[in-house]
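Notes to accompany the following structure.
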Amino acid sequence: MELAQIRNFCIIAHIDHGKSTLADRMMQLTQTVEDRDMREQLLDDMDIERERGITIKSRPVRMRYEAADGQEYEFNLIDTPGHVDFTYEVSRSMAACEGALLVVDAAQGIEAQTVANVYLAMENNLEIIPVINKVDLPNADPDGVAHQIEDVLALSTDRRLRISAKTGEGVAEVLSAIVDLVPAPAAKGDATENSTRALVFDSVYDAYRGVVSYVRMVEGSIKERQRVRLMASGRDDDIKEVGIFGPKPMRVGSLSAGQVGYVIGTLKNPADILIGDTLTDQSRPANKALPGFRRIQPMVFSGLYPVSAEDYEKFKFNLERLGLNDSAFEYIPETSLALGFGFRCGFLGLLHMEIVQERLRREFDLDIISTFPAVVYRVHLRGGESIEIDNPMRLPDVTRIEQIEEPMIRAFILCQNEHIGDIMRIVQDRRGVVGKTESIDTQRVMLTCTMPLNEILVEFHDVLKSVSRGYASMDYDHTGYVASDIVRLDILLNHEPVDAFACMVHRSRAEARGRQMCQALKEVIPPHMFAVPIQAALNKSVIARETVRALRKDVTAKCYGGDITRKRKLLERQKKGKKRMKQVGQVSVPQEAFLAVMKGQVT
Amino acid sequence: MPFAEPSDLDLSNVTGLYVHIPFCEVRCPYCAFYVTTRDRDHVGAFLDALEFELAAYPALDLRTIYFGGGTPSMLSVGQLQRLCAIVRDGVRGDTVEECSIEINPGTLDLDKCAVLRDAGVTRCSIGAQSFDDDILKRLGRTHNAREIEQTVGLAREAGITNINLDLIACIPGVTPEQWQTTVGQAIACKTDHMSIYALDLDEGSALTEQADAGRFALLDDDEQLAMLSVARTSLETAGFEAYEISNFAREGFRCQHHVDCWQGGEYIGIGPSAASHVGPLRWRNAPDLKAYINAAGRAQSPPREIDERSPDIVAAERLVFGLRMSDGVPASGPALAGVLHSLAEDGLLAQVDSRWKMTERGRALADHVARELFTAATNNNGTKEVCHAIHASS
């Protein structure tokens, strides 16, 4: 296939704006998938993806498209993750493309995620083709949405792609627009004669075949039995299989410049394949790797612990399994005085954390407790040394600390005009600064804010949804570190600090948070045989306090010869319920406590 | 299956018979016992089935009989006669020392009293609950305070002079003064036995449902303890002894039937939902009047749930029930000694005259004590616990 006949593109959209449905329809129109094999959202194959309407892993598919003039084209659609947590993966998938379809719901208009993804596509120099979807909805307003796209995103809607992916209306026009507007791949920039470079934009682990790398050939070609080098990791490998996605893997033996497909070598450890790495020929390596590679850095950390200690081995085994298919997920063993043996886990962001926890619970049937999530702080010590802290318990003694820096984000929040006051308030309450407000249309505005990442870790999304009655949407990107007055808040139960409840907060927020955590714990810790003081402390000085009163009365009034068995079993059940709690010193702490401390923030 | 028929059992230690009469005029909102407020046409069939169930046992050599419910006093004169005849014919009556019946105020008359007295009833337990008509109404009771006094009078007139009054304590909205008055009025009836039950949320009662829906809440623990303490002080001053957590008696008037239960005595229960205790076994008839009647109609035992207890559980039960009594349990004997000592360290038990007895705090936390003992007993040897449901059809 000539380079001129190849079109590589992705689809970007806000959740539920119809990305997967459009992909399905395109596959049907190009007869990539027989109608009888069609099932909804073919590309999202994890349950969790279907349920939440999000894409977590990339899913490329090759389509053959015959244009009206009889010319045949090879389309490579790379379905990308749609969430900010996966920005780096998205950016690598985008780097494998020349164009992007921007799908916007004709009734909803553009959303925060639309904005964040468009900016990312622009950074990757993609040709962006706006597609207004769901025009068959009774409340569709394609003209209004077209204005939004032109005004807010500065994209031309001259092509007037107004479609219903559901009914198929207008999808044929999208296909011809791809031919017309998406540039054909070009051999890029600084390539030397005959050099071979392929971009690894994702990888999956297959228990039988090892690591499957998804690649975009940029220059040269890759064949089976070729010896290749991964330029960032420095590893060499022998290629066993080369194929394309049709959408099921189809072995084709080789890939040439411009094409998208997969390669399988002999490497068995997914950690050896880095997303964004450059694959080159081992005997004649390229001078320079493709631009844009970086090692993925988790942004959010949390301790995960099995509820019952007996589950530890099962938990560890399943973390390993999960790690095989999620190279962004990091975990190292950790011990907590309160929770026993577990793992410190690193995530790309909040959604990623939620997804991992949900998969552990659901796919592996594990009961887990997670500790208060934390971002990575940069701690500058007296004497010049600097360390990164992802666990509050590792914070050095305050006397050794010169300064702490915390990570910041740029957040895009889209909301109805009437909610702007409330939203500004919740942003400011969380130490945020609203930098810019722009009108999207007559009803909506977009706020661009600077906020500490720490402040959106728990509950911010819920609060945002509740003050906006569900209308606001938010997305963000990372903007680096700034110095901040960060302190560790300790929670003490019965005068003993509980490591699992410790968290890092800004000094100005410490007292409110301490009070809120103590109150939340008071609600969920059951009465004991003794009074249980709950205290929040900064550097050993108590700033908030509650007490769970001692159990005073626990007695069955009527206790005769009838149904003693049931009574006894009830008592045994109650006792077992208590056993499922975590013992922290003398205090039994129910699982809900670990959730409760994260909830109930002042809004 | 531990047993198929009563004839397979060693009944030589059985001293009590409990007869459950599952009929009531109305269901009280706090009640979770098995009763039916319809089905009154089935009293005859129920009595037939009762006769059938009792006939499966050899003539029992009993010390106590207890007619409970439900509202046994609701039965007509004829039905009461039949009930008494069934029991009289099914047991060896000459050894019976105590025969109790539960009575609701307003359901008794002189004729019924005569039947009961002639049948050998020696004791009646009257569900007074309160002496305040407004509170009685709120409790869903169909009688008033005057009817309590009349019922006491009727029983005495018939010669049944061993009388208990039940009172409900800790009713939200009842002030300590009102409660004190009610206790005083009960004492003024000059009965020899009193049961004071703190209002509780038993699984299956209407009140529990309301509480789950957030429409009702019990008094807080301290308020409850204060109310119970008021009653205890008044009763002790009036000459009653608190011989069990909820039970008070003048000397010589403890309820022998219940004392036997608490001391590990064996008994047979007949009627739907009635429980029995023989050797290592406890079993309970299904709480289902229709199934009870139908089984008897097919000449089969009623559906039962059977619990075969390990020796450790048997021992723990002895301690749990024994400790509810003021007499406590003997401090000798190795059973669960470790747990008893640790409960004593927590201030819940104390050794008095070589017996373990509950402290005041222990009485307030008796379920905690029970949980600790049962858990220790269960963990002792991974107890063999068998629960079988024998269906009438099997």
**OP:** Classify the side-chain pair E572(A)/T378(B) by whether it contains a donor and acceptor separated by less than 3.5 Å.
**Re:** yes
Subject >> Contacting moiety of L228(B), where chain A heavy atoms sit under 4.5 Å >> reply: side chain
Original post:
In terms of heavy-atom proximity below 4.5 Å to chain A, should S273(B) be classed as side chain, backbone, both, or neither?
Top reply: neither
Original post:
Quick check: are there more than 12 heavy atoms from other residues, nucleotides or ligands sitting under 6.0 Å from CZ of F341(A)?
Top reply: no
Original post:
What part of H277(B) gets closer than 4.5 Å to chain A, counting heavy atoms only: side chain, backbone, both or neither?
Top reply: neither
Subject >> Side chain / backbone / both / neither for N247(B) at chain A, heavy atoms under 4.5 Å >> reply: side chain
**OP:** Heavy atoms only, distances under 4.5 angstrom: which of Q224(B), R363(B), R282(B) has the most pairs with chain A? Name it, please.
**Re:** R282(B)
Original post:
Counting heavy atoms not belonging to E418(A), are there more than 12 under 6.0 Å from its CD?
Top reply: yes
Subject >> Toward chain A, the part of F33(B) with a non-hydrogen atom under 4.5 Å >> reply: side chain
**OP:** Give, as side chain, backbone, both or neither, the part of L199(B) having an atom under 4.5 angstrom from any heavy atom of chain A.
**Re:** neither
Subject >> Closest non-hydrogen atom pair between A198(B) and K553(A), with its separation >> reply: CB-NZ, 4.1 Å
Subject >> R309(B) side chain reached by R568(A) side chain, heavy atoms, under 4.5 Å >> reply: yes
Original post:
Can you tell if the side chain of D220(B) reaches within under 4.5 Å of the side chain of R552(A), non-hydrogen atoms only?
Top reply: no
Subject >> Basic-acidic side-chain contact under 4.0 Å: R549(A), D222(B) >> reply: yes
Original post:
For the residue pair R361(B) and M529(A), what are the closest heavy atoms and their distance?
Top reply: NH2-O, 2.8 Å
Original post:
Is D367(B) reaching over with its side chain to a backbone N or O of T556(A), donor-acceptor style, under 3.5 angstrom?
Top reply: yes
Subject >> For chain A, the option from E244(B), E372(B), E203(B) that forms the most heavy-atom pairs under 4.5 Å >> reply: E372(B)
Original post:
Should we count CZ of R361(A) as having more than 12 external heavy atoms under 6.0 Å?
Top reply: yes
Subject >> Note: D202(B)-K567(A) ion pair, threshold 4.0 Å (strictly below) >> reply: no
Subject >> Any side-chain heavy-atom pair of I564(A) and E317(B) under 4.5 Å >> reply: yes
**OP:** Pull out the residues in residues 262-272 of chain B that come under 4.5 Å of chain A, heavy atom to heavy atom, sorted by number.
**Re:** W262(B), Y267(B)
**OP:** Can you see which heavy atom on A366(B) is nearest to which on V555(A), and at what distance?
**Re:** CB-CG2, 3.7 Å
Original post:
Checking heavy atoms, do the side chain of I245(B), its backbone, both or neither come under 4.5 Å from chain A?
Top reply: side chain
Original post:
Where do L571(A) and A370(B) come nearest, in terms of heavy atoms and distance?
Top reply: CD1-CB, 3.6 Å
Original post:
Just wondering, more than 12 heavy atoms not from F317(A) lying within 6.0 Å of its CZ?
Top reply: no
Subject >> For E98(B), all residues meeting salt bridge (Lys or Arg N to Asp or Glu O under 4.0 Å), sequence neighbours excluded >> reply: none
Subject >> Interatomic distance, L551(A) atom CG to H368(B) atom NE2 [nearest 0.5 angstrom] >> reply: 7.5 Å
Original post:
So does R318(B) have more than 12 non-hydrogen atoms from other groups sitting under 6.0 Å from CZ?
Top reply: no
Subject >> Spatial distance of atom OH (Y18(B)) from atom OH (Y560(A)) [nearest 0.5 Å] >> reply: 11.5 Å
Subject >> Exercise: identify the closest heavy-atom pair between G562(A) and A275(B) >> reply: CA-CB, 3.8 Å
Original post:
Taking all non-hydrogen atoms of both residues, which atom of C261(B) and which atom of G561(A) are closest, and how far apart?
Top reply: SG-CA, 4.0 Å
